Colleague: 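Take this structure, written in structure tokens, and hold onto it; I'll ask about it next.
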2 protein chains.
Amino acid sequence: MENPSEKTPAWWESLPSWLLTQTAHHAHRLVGDGFSSVGARGYHYRLLATLEESGPASQAALGRRSGIHLSDMVATINELADGKLVERAPDPSDRRRNVISLTAAGKRQLRRLEKRLAECQDELLAPLSPEERQGLTELLSRLLDHHNRRTGTPEER
Amino acid sequence: MENPSEKTPAWWESLPSWLLTQTAHHAHRLVGDGFSSVGARGYHYRLLATLEESGPASQAALGRRSGIHLSDMVATINELADGKLVERAPDPSDRRRNVISLTAAGKRQLRRLEKRLAECQDELLAPLSPEERQGLTELLSRLLDHHNRRTGTPEER
DNA sequence: AATGAATCATTAGTGCTTCCAACGATTCGT
DNA sequence: ACGAATCGTTGGAAGCACTAATGATTCATT
């Protein structure tokens, strides 16, 4: 949707689902640009952040904790390992597994990404007052929780 | 993100950009399912709705008004024309153009889609009170407006 | 201990939406 | 009449999420 130049008073533009997806599109673009300005993308950040807070772990475990699909972990780790941000070593205690761990460079990259991310939040919410920001966050949390319960985390197993 | 089964207390999950994109993901899924239950998708709805409120027009004009990229209009119109929901006729006054118009069947389909769409809004906002729904809508509108001004509608020409 | 079930890493491929680049054909501006 | 702009079309890219299949390894049950 690069060019809504001609007056576009489409009535559907006031639907919550539209407002939500379009605003999210802007958010996604902001964050994506922020990440790519340091040569990364969303999956990279999520994996690095998960690694820091879980410590070294197998790809499958990291996938579960970060919400990244097993099959996408492979490429993500490959890319990060190419840049020496992450290390992949076989697990001696379980030869099916690789143990992934964060390098010092990876930690530095993570700091950069966190900084960008914080800037993006501010840019995203620029027109809102602090109270409004908190209100929005709370409403969205409730919605997300509700829908995650219904579909996302089926409490499986 | 099908499987966040293992406790996933990732701290980034409280960031507005995350809440926004994830909630939007649910919204998108809800609406997409609603549409596909009558054999359509988002672009179909947007084009049909735009056609009804603008009347017959060229593909380029419809693209501008609906926010659908020129290159995506082709496939969208092909699909709708296959189902006789829309008609594509050469414009005698400008041989570069096609004139696209809505058929009776297209109008009926539009009514169906609007119905689904309304149902989806309700499902999407289920956990919120009427006041909260309005508050959310207003906050999102402000955000969207702000960002559209900065990037979306460059007031070009 | 043996066997079937589950887990792990990997490859390959799908879908959706948005966008870009390029192309001929046609029309417009000057 | 000329170059510039517009129109339709094709083909491709990216990001995110997900599906299916495979071989290797480990686990759980009898």
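Bear in mind the structure is a predicted one, so any value in this text is a computation, not a measurement. Note on naming: letters A, B, ... go to the chains in the order of the sequence lines (proteins, then strands), and numbering restarts at 1 for each one.
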Colleague: Starting from the 5' end of DNA chain D, give me the residue, A:Phe35 or A:Asp91, whose nearest nucleotide shows up first.
Modeller: A:Phe35

Colleague: Given atom CG of B:Asp72 and atom P of C:dC20, what is their separation to the nearest angstrom?
Modeller: 11 Å

Colleague: Ignoring backbone atoms, test whether B:Arg88 places a side-chain nitrogen or oxygen under 4.0 Å from the OP1 or OP2 oxygen of D:dT9.
Modeller: yes

Colleague: Quick check on DNA chain D: between B:Asp94 and A:Ser93, whose nearest nucleotide comes earlier from the 5' end?
Modeller: B:Asp94

Colleague: Give a yes or no on whether B:Leu102 and A:Trp12 share a hydrophobic cluster (residues Ile, Leu, Val, Met, Phe, Trp, Tyr; joining criterion: side-chain heavy atoms under 4.5 Å apart).
Modeller: yes

Colleague: State whether B:Asp91 and B:Arg95 are salt-bridged, where the test is any N-O pair (Lys NZ or Arg NE/NH1/NH2 against Asp/Glu carboxylate O) under 4.0 Å.
Modeller: no

Colleague: Under a 4.5 Å side-chain heavy-atom rule over Ile, Leu, Val, Met, Phe, Trp and Tyr, are B:Ile68 and B:Val74 clustered together?
Modeller: no

Colleague: For D:dC7 and B:Arg97 - does any side-chain N or O of the residue sit under 4.0 Å from the phosphate oxygens OP1/OP2?
Modeller: yes

Colleague: Using 0.5 Å steps for rounding, measure from the CG atom of A:Leu143 to the CZ atom of B:Arg133.
Modeller: 9.0 Å

Colleague: Over how many whole Å does the gap from B:Ile68 atom CD1 to D:dG8 atom P extend?
Modeller: 14 Å

Colleague: Distance check needed: C:dT10 C1' versus A:Ile100 CD1, whole Å only.
Modeller: 13 Å

Colleague: In whole angstrom, give the distance that lies between atom CZ of A:Arg96 and atom C1' of D:dG23.
Modeller: 13 Å

Colleague: Is A:Gly42 touching bases, backbone alone, or none of the nucleic acid, heavy atoms closer than 4.0 Å?
Modeller: sugar-phosphate

Colleague: Using atom NE2 of B:His28 as one end and atom C1' of D:dC16 as the other, report the distance to the nearest whole Å.
Modeller: 11 Å

Colleague: Does the side chain of A:Arg29 get closer than 4.0 angstrom to OP1 or OP2 of D:dC16 through an N or O atom?
Modeller: no

Colleague: Honestly curious: do B:Leu140 and A:Leu128 fall in one hydrophobic cluster under the side-chain, below-4.5 Å linking rule?
Modeller: yes

Colleague: Could you state the CG-P distance from A:Asn98 to D:dT25, rounded to the nearest angstrom?
Modeller: 12 Å

Colleague: Between C:dT7 and A:Gln59, is there an OP1 or OP2 to side-chain N/O distance shorter than 4.0 Å?
Modeller: no

Colleague: Could you pick out which residue, B:Arg95 or A:Val74, lies toward the 5' side of DNA chain C when each is mapped onto its nearest nucleotide?
Modeller: A:Val74

Colleague: OP1, OP2 of C:dT18 versus side-chain N and O of B:Tyr43: anything below 4.0 Å?
Modeller: yes

Colleague: Could you tell me whether B:Ser58 contacts a base, only the sugar-phosphate backbone, or nothing, with contacts defined as non-hydrogen atoms closer than 4.0 Å?
Modeller: sugar-phosphate

Colleague: What is the distance, rounded to the nearest whole Å, between atom CG of A:Leu47 and atom P of C:dA9?
Modeller: 12 Å

Colleague: Nearest whole angstrom, please: distance from the P of D:dA21 to the NE2 of A:His69.
Modeller: 14 Å

Colleague: Where the side chain of B:Ser71 is defined as all heavy atoms beyond and including C-beta, which of D:dG11, C:dT18, D:dA17 is the nearest nucleotide?
Modeller: D:dG11

Colleague: Quick one: is D:dC16 close enough that its OP1 or OP2 comes under 4.0 Å of any side-chain N or O from A:Arg41?
Modeller: yes

